[in-house]
Amino acid sequence: MHRDRQLEILDRIVGHRLGGNTTDMYPDLYFSPTDAYNSPERYNEEINKIFRRTPLLACFSSDVADVGDYTTLDLMGIPVLVARGEDGKVRAFRNTCQHRGACVATGSGKGKRAFSCPYHAWSYRLDGTLIRPTHLEGFQGLDIDTVGLPPIACGEAAGLVFVSFAPGVETVDAHAWLGESLVADYESFGYENYRLMTTRSTVRDVNWKVMFDSFCEMYHVQFLHAKTIAHLFRSDCSTFDDLGLHGLMTGVRSTIDELKVQPREEWELPKHAALNYHIAPNTVLIHMIDHVEMYRIIPEGPTRCRAELSLYVPELPTTEKAERHWARQAETLIHTIETEDMVMADQAQFAIDAGNPPVFRFGRNEPALIHFHEVVEALLAGDEERFSARQPKPVQLTARR
């Protein structure tokens, strides 16, 4: 993040602290009907109008950094293969052999020159074209040029790779989807150089929005995480920047008051904050001073979702001590989320399915939460143009009451 942006956010945070522990607020309360969290009709509408129409964050560019590097994933029930081609271009395909449907790759890897199906060894080039079927004489008359891996629209920008399942879309303009502000931030962080340390996936019987809501406010930290991470953050103070369809919630660290006696020219935002970037429709990137946490929430049914946590670091560890450090870091994150946040999500879904409360009441002190739901509603209505702002726009600044 460029220096002027860091200072602008820090000025707002320090202003809150000096002003009696205020926080950024939305102008109004927001009421979210809870039948949006378990309705099959609503779920199908979200899948068709949001997840099968908008770009989805697939991976970091570093996951497929060099020619022949690849990674596989399951997005919206579709097996996806992302690979870097001979021409240096990143491409995405349906990870499905055109003979009998087996996956041509699993997991991730480096330096591939072709993908060979394990079932009958049909092989495909990095650009998805079929090399040839085995037992060629058995397939005389097959037009090999038309039997490649089905392409999926793909694009990359600022160290991130996006895919889209939208009909008729051939490429993803990732730069335009992110917007100038996010691109500038991620390029300044050098995300193209970050490397994946570990990924953990958990399936829960909750609606995807129930899970995503957990990442949209700092309000709960002092209560839910009292025995784990609450001592690290100020739960009563945060800022939020409206970045169009995306947003930035800045969680303030407990060290923030050090700035009161530090010259402004020495201030550094990452030392005193967790930058929670919300990338529509379903991903959170939390930028910490020494790593990035990627949380991707994938809907799998009206009351079922998959939560994926991936930990990225500026450079992979070269010593056993460093490996142990990151292993502990990952386990702490996973333990906190699974034993605290996810337990609350389970309870919320139980209440929703039992029919009470009929609405969730989002406070003005939860601007990122309100923004997320307003974006979801806009995408459903095809009215995303009203979120077309691409420069940081802070929400209304008021004192807490």
Side-chain angles (χ1 to χ4, degrees), residues 1 5-30 32 181-182 185 189 211-226 228-260 267-280 283-289 291-293 295 333 336-337 340-341 344 360-375 389 391-401:
M1 181 183 289
R5 279 275 286 133
Q6 291 191 39
L7 290 176
E8 185 272 330
I9 293 174
L10 283 169
D11 283 338
R12 286 158 56 197
I13 294 171
V14 171
H16 280 313
R17 299 292 294 144
L18 295 176
N21 296 337
T22 56
T23 191
D24 277 8
M25 290 197 184
Y26 244 41
D28 301 299
L29 292 168
Y30 186 92
S32 179
S181 181
L182 286 180
D185 282 2
F189 294 144
M211 188 69 71
F212 198 92
D213 288 351
S214 302
F215 298 97
C216 291
E217 41 85 11
M218 297 296 293
Y219 179 29
H220 73 282
V221 174
Q222 63 181 315
F223 308 109
L224 179 60
H225 303 308
T228 52
I229 63 172
H231 66 287
L232 299 174
F233 294 96
R234 296 292 317 189
S235 190
D236 58 351
C237 178
S238 64
T239 62
F240 178 71
D241 290 284
D242 178 346
L243 305 178
L245 293 171
H246 318 296
L248 168 59
M249 179 181 74
T250 303
V252 180
R253 289 187 174 277
S254 300
T255 60
I256 192 67
D257 289 337
E258 295 176 5
L259 299 187
K260 294 178 181 178
W267 291 2
E268 294 183 42
L269 181 61
K271 286 186 177 181
H272 302 286
L275 305 178
N276 293 254
Y277 290 96
H278 297 169
I279 302 178
T283 303
V284 179
L285 290 183
I286 303 182
H287 185 90
M288 300 292 198
I289 190 170
H291 70 275
V292 175
E293 300 160 19
Y295 298 91
L333 291 173
T336 301
I337 291 169
E340 296 175 353
D341 294 276
M344 292 299 99
F360 285 152
R361 300 158 177 89
F362 302 154
R364 295 174 57 225
N365 60 321
E366 301 174 290
L369 182 60
I370 296 174
H371 180 267
F372 164 62
H373 282 268
E374 289 188 336
V375 166
Q391 296 299 320
K393 184 174 64 177
V395 300
Q396 176 179 326
L397 184 71
T398 64
R400 289 189 300 115
R401 296 178 180 176

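A pairwise comparison of heavy atoms in Arg17 and Cys237 identifies CD-SG, 4.2 Å as the closest pair. Residues Ala368 and Cys216 come closest through the heavy atom pair CB-O, 3.3 Å. The minimum heavy-atom distance between Arg12 and Glu8, with the atom names listed, is CD-OE2, 2.8 Å. Minimum heavy-atom separation, Ala274 to Met288: CB-SD, 3.7 Å. A pairwise comparison of heavy atoms in Lys271 and Thr255 identifies O-OG1, 3.7 Å as the closest pair. For Phe233 against Ser254, the heavy-atom pair with the smallest separation is N-OG, 3.2 Å.
Ring geometry for Phe212 against His278 counts as perpendicular: the plane angle is over 60°, on a 0 to 90° scale with 30° as the lower cut. The aromatic rings of Tyr295 and Phe215 lie tilted to each other, with the angle between the two planes from 30° to 60°. Using the six-membered ring where Trp is involved, Tyr30 and His373 have ring planes that are tilted, between 30° and 60° apart.
Between the NE2 atom of His371 and the CG atom of Leu245 there is a distance of 7.0 Å, given to the nearest 0.5 Å. A distance of 7.0 Å separates CD1 of Ile370 from CG of Leu29, quoted to the nearest 0.5 Å. Atoms CG and CE, from Asn276 and Met249 in turn, are 4.0 Å apart once rounded to the nearest 0.5 Å. Ile9 CD1 to Met1 CE: the interatomic distance, rounded to the nearest 0.5 Å, is 4.0 Å. Here the straight-line distance linking atom CG of Asp213 with atom OG of Ser32 works out to 7.5 Å at 0.5 Å rounding. Rounding to the nearest 0.5 Å places CD1 of Ile279 at 7.0 Å from NE2 of His246.
Looking at heavy atoms from C-beta onward, Ile256 lies in side-chain contact with Leu10 at the 4.5 angstrom threshold. Between Ile337 and Glu293 there is no side-chain heavy-atom pair separated by less than 4.5 Å. Using a 4.5 Å heavy-atom cutoff, the side chains of Glu340 and Ile229 are not in contact.
Here the side chain of Ser235 pairs a donor or acceptor atom with the backbone of Tyr219 at under 3.5 angstrom. With hydrogens and angles disregarded, a donor-acceptor distance shorter than 3.5 Å links the side chain of Arg364 to the backbone of Pro27. Judged by distance alone, the side chain of Gln6 and the main-chain N or O of Leu269 form a donor-acceptor pair under 3.5 Å.
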Verdict with reasoning, Asp242 to Glu374, per side-chain contact (heavy atoms from CB on, under 4.5 Å): CA-CA 11 Å; Asp242 178 346; Glu374 289 188 336; over 6 Å; no

Trace of the side-chain contact (heavy atoms from CB on, under 4.5 Å) decision for Phe189 with Leu275: CA-CA 12 Å; Phe189 294 144; Leu275 305 178; 3.8 Å; yes

Pair Lys260, Leu18 - check side-chain contact (heavy atoms from CB on, under 4.5 Å), show working. CA-CA 9 Å; Lys260 294 178 181 178; Leu18 295 176; 4.0 Å; yes

Between Trp267 and Val14, does the side-chain contact (heavy atoms from CB on, under 4.5 Å) criterion hold? Intermediate values first, please. CA-CA 11 Å; Trp267 291 2; Val14 171; 3.8 Å; yes

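The only option from Asp24, Thr23, Asp11 that meets the side-chain hydrogen bond (donor to acceptor under 3.5 Å, both in side chains) definition with His16 turns out to be Asp24.
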